[in-house]
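Here the structure comes first, spelled out in structure tokens, and everything after it is commentary.
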Amino acid sequence: MKEKKYIKRSIRWKLISTMIGLIIGLLLTLSYIHVSTEKKNLARELSTLTTLMRENLVDRGKMLSDNLARLTENGIASFNLSNVTEIITKSVNEDRELSYAILMDFSRKAYIHTSMQELQQEELVDEAAYYAASQITATINEYNKDGNTFLEFVVQIYTGTNPWGVLRLGFSLDPLNQEIANMKNDLLDESRKIVVWGIIISIIFISVGGIIVYIISSRLSEPLISLTESVRGLSSENFSFSEEIVVKSEDEVGVLASAFIEMSKRLKWSYKELEDYSRTLEQKVGERTLELRDANSKLQEQDKMRTDFLSTVSHEIRTPLALVLGFVRIINMKLEKVVFPLVDVDVDKTNKAVSQIKKNIGIIKLEGDRLTDLIDDILDISKMEAKKVDWHMENLSVSNIIGRALEVTNSFSEMYKLEIVEDIEDGLPEVVGDSDKLKQVVINLISNAVKFTEEGPVICKARKINSEVMISVIDKGVGVDGADQEKIFEKFSQVKNGLKDKVKGTGLGLAICKEIVEHHGGRIWVESEYGKGSNFTFALPCA
Amino acid sequence: MYKKILIVDDEVNMRMLLKEALEEFEEKGVELLIVENGSDAIESVRAEKPDLVILDAMMPGVNGFDVCSTIRNELAMKDVYILMLSADGQEINKQKSKNVGSDGFMTKPFDPDEIVEKVAQILKMEI
């Protein structure tokens, strides 16, 4: 299909069609000029010839009519009309163009009538007879009768000085008209011949011109076609075509072919270079891939080691910790139930020792719990950073999350004697999230607020602002210094606080909150003034 | 008919802690059976048919999950209450314990009082 299009639009086709068009146009124009000129010339010639022939006929008619009139006058004068009849009849017979001769007096009585002898001695009543009888001088009358055209020469006949009648000589114009018609036909034939010859010559010129143009265009287009094939070859990375091209001419096409061959050589060289480069690159990529694969597998190994390590550490720490805390509680229980009731608390030293033991056990429990929390937090943040957390995302009600968090923090807040106030807007939209993880964020924020606040209440507020639900935990506690407000969300960040007695955190709680909130596509920040309280807020996109 | 509690843990001190924590039950006539590995645990369950098994999840050899699965499937003992203990409190472990048929899961470290409370609840006893 493509090949056909290519042929249709080839230079050869264009050249041949243009040349043939031009030849036809030229020949048609020339033929038209020639034929029309020739036609005019022949028409002029015909007109001249017709005039000459008519003039010749008129001269001849005049002369003959004069001669015969004289002979008739002499015959009438000598009463020898039969001799006149014989001469006139002879003249009519001898002259092919002379059709008839009529001798009549002015009363239109015919004495001689060569064509209709039965009308002799009869009165002629035809129009021509009337016309002739009315003439007083020699006249020429042209008229039609029975489809024939006649030129009638009317000459007056005198007897002495008296007009007697007229001699009418009728020349038939049909032979003359026939001759003119023949000449016209010849003229038309001549024109037709010119046209036919014009066509024949056109065909010859078109054929010869076509062949010449074909040869020239072939010489022009063949190298171009070869070049085109070579270019196609190049596009399919075949460089051998250009080597088959032989440059014979030095014209523009020759220059183009030379330039093309040069370009092909360069392309071949570049392609080879590129192939070499590509091969080297592939090799390098292969090597790098192997290296990367090694590195990746090492990383995976390290990652697995890290996870295993964390898991093992967790297990290995938790187990002794469980034992320490467990036995501390059992010791405490046994002391409380069995030993202390037997101790004499009245002795100051003993009483002091019992009190110290109780306090010390309390500290061991508290610090043990803190250590447990720390291990939990380290594990949590490690898993989040290593993307090893299984998130259970679902549509959640914000008030439900806060409610569940408050269930956990209530005992804690009661311990610190702080009131927690819920301030949740009605009809809050749902958010998409992991219920337990978001609950953990609220718990962490409320625990912090409780830990760092002397006087309540702590407010837990939820509002919809634009396309987000904002959950804030607001306290009137120690607050966070401006410079620390960013740092506070970093792991193990140490910021100053005015509290001495309250329990310290693990230093990971807010970092975990940040990880969780950001995983939900949200953001967390603090607005605070040191010494006046804090407002920790996290915003989650609405479901 | 005395009730029986089977304690399974590879850590000697953990076994001691649990034994001491549950001492009060022992005083009230509950029999405490103690083993240190998974194979012995299966044998003990088969032989003694305890009411409650306190089972450590992470043990060398036959681990707690295998023991739990064997009790539920091979021994077809649906009534025995299995309380699993693990130092690894990841959600995946909780889910795994549920899948093999345990009734409860507790993370180490735990408060012995919590265990006592839980056991009292399971055995329907007052301490």
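By convention in this document, chain letters (A, B, ...) are assigned in the order of the sequence lines, proteins followed by strands, and residues within each chain are numbered from 1. All heavy atoms count here, side chains included; hydrogens, waters and symmetry mates do not.
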* Asked: What's the shortest heavy-atom distance between B/Asp111 and A/Arg329, and which atoms?
  -> OD1-CD, 2.7 Å
* To do: Would you name the heavy atoms of B/Leu17 and A/Ala322 that are closest together and state the gap between them?
  => CD2-O, 3.7 Å
* Asked: So A/Arg318 and B/Thr107, side-chain contact (heavy atoms from CB on, under 4.5 Å) or not? Walk me through it.
  -> CA-CA 9 Å; A/Arg318 274 165 187 271; B/Thr107 311; 3.5 Å; yes
When you look at [atom1] of [X], are more than 12 heavy atoms from neighbouring residues, nucleotides or ligands closer to it than 6.0 Å?
{"X": "A/Lys514", "atom1": "NZ", "value": "no"}
{"X": "B/Glu48", "atom1": "CD", "value": "yes"}
{"X": "B/Lys124", "atom1": "NZ", "value": "no"}
{"X": "B/Lys98", "atom1": "NZ", "value": "no"}

* Structure fact -> Hits for side-chain contact (heavy atoms from CB on, under 4.5 Å) against A/Leu396, two or more places apart or cross-chain, chain-then-number order -> A/Glu394, A/Ile401, A/Val431, A/Ser435, A/Leu438
* Asked: Given that the side chain runs from C-beta out, which part of A/Lys365 has a heavy atom under 4.5 Å from chain B: side chain, backbone, both or neither?
  -> neither
* Structure fact -> Assert top hit (heavy-atom pairs under 4.5 Å, partner chain A, pool B/Glu11, B/Glu23, B/Glu20, B/Met16) equals B/Glu20
* Gap between atom OG1 of A/Thr319 and atom CE of B/Met14 - 0.5 Å precision -> 5.5 Å
